[in-house]
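The structure appears below as structure tokens.
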Amino acid sequence: MDYNLSEGSLQTIMNGGHYEKPVMQVLGSKKIQGSGANERFRLLVSDGKHSHSFAMLATQLNDKLITGELSDYSVVQIDRFVTSLLKNTGKGEKRVMIILDITILASGTDVGKKLGNPQTWSEDSAAAAPAPVMQPVPKPTVQPMQISKPSTVTGMNTSILSAQMTHPIASLSPYQNKWVIKARVMNKSPIRTWSNARGEGKLFSMDLFDESGEIRATAFKNECDKFYDMIQVDKVYYISRCQLKTANKQFTTLKNDYEMTFTADTVVAECTDDMSALPSVKYDFLPINSIAEKSPDNIVDVIGVCKSAADLQELTAKSTGKLLKKREVTLVDSSGGGIVLTLWGAEAEKFEGSTNPVIAVKGARLTEFNGSKSLSCLASTMMRLNPDLPEAHKLRGWYDNGGADMETVNISAKSGLYSGGSNEWLSFADAEAKQLGSGEKGDYYSLLGVLTFTFSDNAVYKACPQEQCNKKLVDQDNGLFRCEKCNREYPNYKHRLLLGANVSDPTGDQRITAFNEAAEAMLGKTAAEVGQLFDYDKNAYAQLFEEVKFKTFVFKFRTKIETYSDETRLKTTVMNAQPVDYKDANSRLIKNIKSITGVQV
DNA sequence: CCCCCCCC
């Protein structure tokens, strides 16, 4: 098998020229900085004639190296790249190539050897070599130095700034300060003030990105005033003359080891050129059902349809006493998964979910609380409603053509609120034999069962709108609702569920009670949705309770004998109800069969 | 120079 490397392409590129989709061989790779999400790799590449370790992999391609797809000796076509002159302290300039897109033409194992006899490229070989044949480029390369004076940039027509003059964000470092980036604003914070032992002031920060990477920039005091109004989310700007410093990883999830601070010299010019509408955001969407497998604190991108949005909640953080506003939004996608995304502050307040918008989220944090996972927005999280993305249009089509009615597994369903106690798998007969529920604290167990009947009467009620209070309200028939527990009247309420049902398994049956979240999981609808049906569509409401009959769930029960006056009875509450994981259920069956029969396979 | 990213 022959592999045609683009001989001489490396020389052209090193001299600042352009070469369309050069084919090169990877001879080695090396991690140069960071770890985890902030890893960055350098590649030793060869065009068959020369080799050079000047190539850096854009972070979104890191996976190709980590998975071994991009192994040594592999032959690749570099579909997209940018080069940048870095000023090396004391050693003049060095050009780096940042690889943005790559096609692997042959794997390292298929090629198995170094192709040709490439010589290490050096300035000397450049001098010795005949003038490189440059492929036509629109304009001669202009070095950033020429536009380093702020006055020049301020007054210039930004269209003269060609792509070749700007630096990839990924190449920025504190060691060289002559650069211009062309970046799109992903996020902009509100103005914040601070006051501490070291002084006081105000600031705002913005997250910027281009094709090569992302970086946070902060403007303090004067710069805060100067740039706050100008900087607008989603717009593209040329930015130069900022101070770079090491980013404190404790406070950022952006994939950059550095961050920028605006200074008095900082120059910002909006890029209005249509052709410069790039860069666009790079998402790495995970199907919602796959998020269940991820560990908490992962930062994930997700796209889904807003199936429901809870009311705005105001709460006071116990630890800080801070007043917080949040809104929980449930996203679903065609993977059949659903997940809660928590919005905070102004974003929570202004959110409007009644039109079921498609929501694209970049950089949300996966959190786990009491065993259930959900996503939470951070300051650095970027959220877009109905973005013009292929994935968004696909989801819209899916949702509007049946997806809305698809059953989804809500991975944020509340689960496992146990305070100790075992979580063993039992049948109803087992539970009875063990006399579960007779103790002081109540007993917990898991059971695979079928919902044989649901009581639709009084399954939904108007509850106190206060966050912590779920008390049933008394309708005053004057537009107000009274909460006996809070001892006050409200003009509003929230719907909550209290579902009575019968569950059967092969050994028996049990009357159970499911509170709000568990009932939502069983009915596949939020309390608000059920409330809507109850208020406006009694037929659909009745239908809902019919449809859920004979569905199988994995139940987690709490059971306890309770006494009302003289009468005692076993009260079984659904802690949560989840769809059946058949693989898991079957392995449990097989295990039981083995232990009962003594047959080992 | 900030550094909060939350709550049950």
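Note on naming: letters A, B, ... go to the chains in the order of the sequence lines (proteins, then strands), and numbering restarts at 1 for each one. The figures that follow rest on heavy atoms only: side chains count, while hydrogens, waters and symmetry mates do not.
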Practice item. Rounded off to whole Å, could you give me the CH2-to-C1' distance for the A:Trp194 and B:dC5 pair? Key: 18 Å
Review point. Under 6.0 Å between the ring centres of A:Phe481 and A:Tyr490?
Key: no
Check your understanding: Starting at the 5' end of DNA chain B and moving along, which residue's nearest nucleotide shows up first, A:Thr316 or A:Glu259?
Key -> A:Glu259
**Study point:** Rounded distance (Å) that lies between atom C1' of B:dC1 and atom CD of A:Glu223
**Key:** 11 Å
Study note, to complete from the structure: Comparing A:Phe220 with A:Arg216, nearest DNA chain B nucleotide closer to 5' gives the residue A:Phe220
Study note, to complete from the structure: A:Leu324 CG to B:dC6 C1', in whole Å, measures 5 Å
Review point. A:Lys494 has an atom NZ; how far is it from atom P of B:dC8, in whole Å?
Key: 14 Å
Check your understanding: Think A:Trp344 has a side-chain N or O under 4.0 angstrom from the OP1 or OP2 of B:dC6?
Key -> no
Revision key, fill the gap. Between CG of A:Asn196 and C1' of B:dC4 the distance, given in whole Å, is 13 Å
Check your understanding: Taking only N and O in the side chain of A:Arg198, is any of them less than 4.0 Å away from OP1 or OP2 of B:dC2?
Key -> yes
Revision key, fill the gap. In whole angstroms, the gap separating C1' of B:dC2 from CD of A:Gln250 amounts to 12 Å
**Study point:** Option from A:Ile339, A:Thr367, A:Val361 for which side-chain contact (heavy atoms from CB on, under 4.5 Å) with A:Leu375 holds
**Key:** A:Ile339
Point to revise | Closest listed nucleotide, where the reference is the side chain of A:Leu315 and the choices are B:dC6, B:dC7, B:dC2 | key: B:dC7
Exercise for review: Would you mind classifying the nucleic acid contact of A:Lys325 as base, sugar-phosphate or nothing, using non-hydrogen atoms under 4.0 angstrom?
Suggested key: nothing
Practice item. May I ask whether A:Phe369 stacks on the base of B:dC8, given the cut-offs of 5.5 Å between ring centres and 30° between planes? Key: yes
Revision key, fill the gap. Residues 377-389 of chain A vs side-chain hydrogen bond (donor to acceptor under 3.5 Å, both in side chains), sequence neighbours excluded, gives A:Asp234-A:Arg384, A:Thr253-A:Ser380, A:Asp388-A:His393
Point to revise | Flag if over 12 foreign heavy atoms under 6.0 Å of NZ, A:Lys471 | key: no
Review point. Where the side chain of A:Thr342 is defined as all heavy atoms beyond and including C-beta, which of B:dC7, B:dC4, B:dC2 is the nearest nucleotide?
Key: B:dC7
Check your understanding: Side-chain donor-acceptor pair under 3.5 Å between A:Ser376 and A:Trp344, yes or no?
Key -> yes
Review point. In whole angstroms, how far is the C1' atom of B:dC6 from the CD atom of A:Glu347?
Key: 14 Å
Point to revise | Interatomic distance where CZ belongs to A:Arg192 and C1' belongs to B:dC6 [whole Å] | key: 13 Å
Review point. Under 4.0 angstrom, heavy atoms only, what part of the nucleic acid is A:Lys202 near: base, sugar-phosphate, or nothing?
Key: nothing
Point to revise | Phosphate OP1/OP2 of B:dC2 contacted by A:Asn248 side-chain N/O (<4.0 Å) | key: no
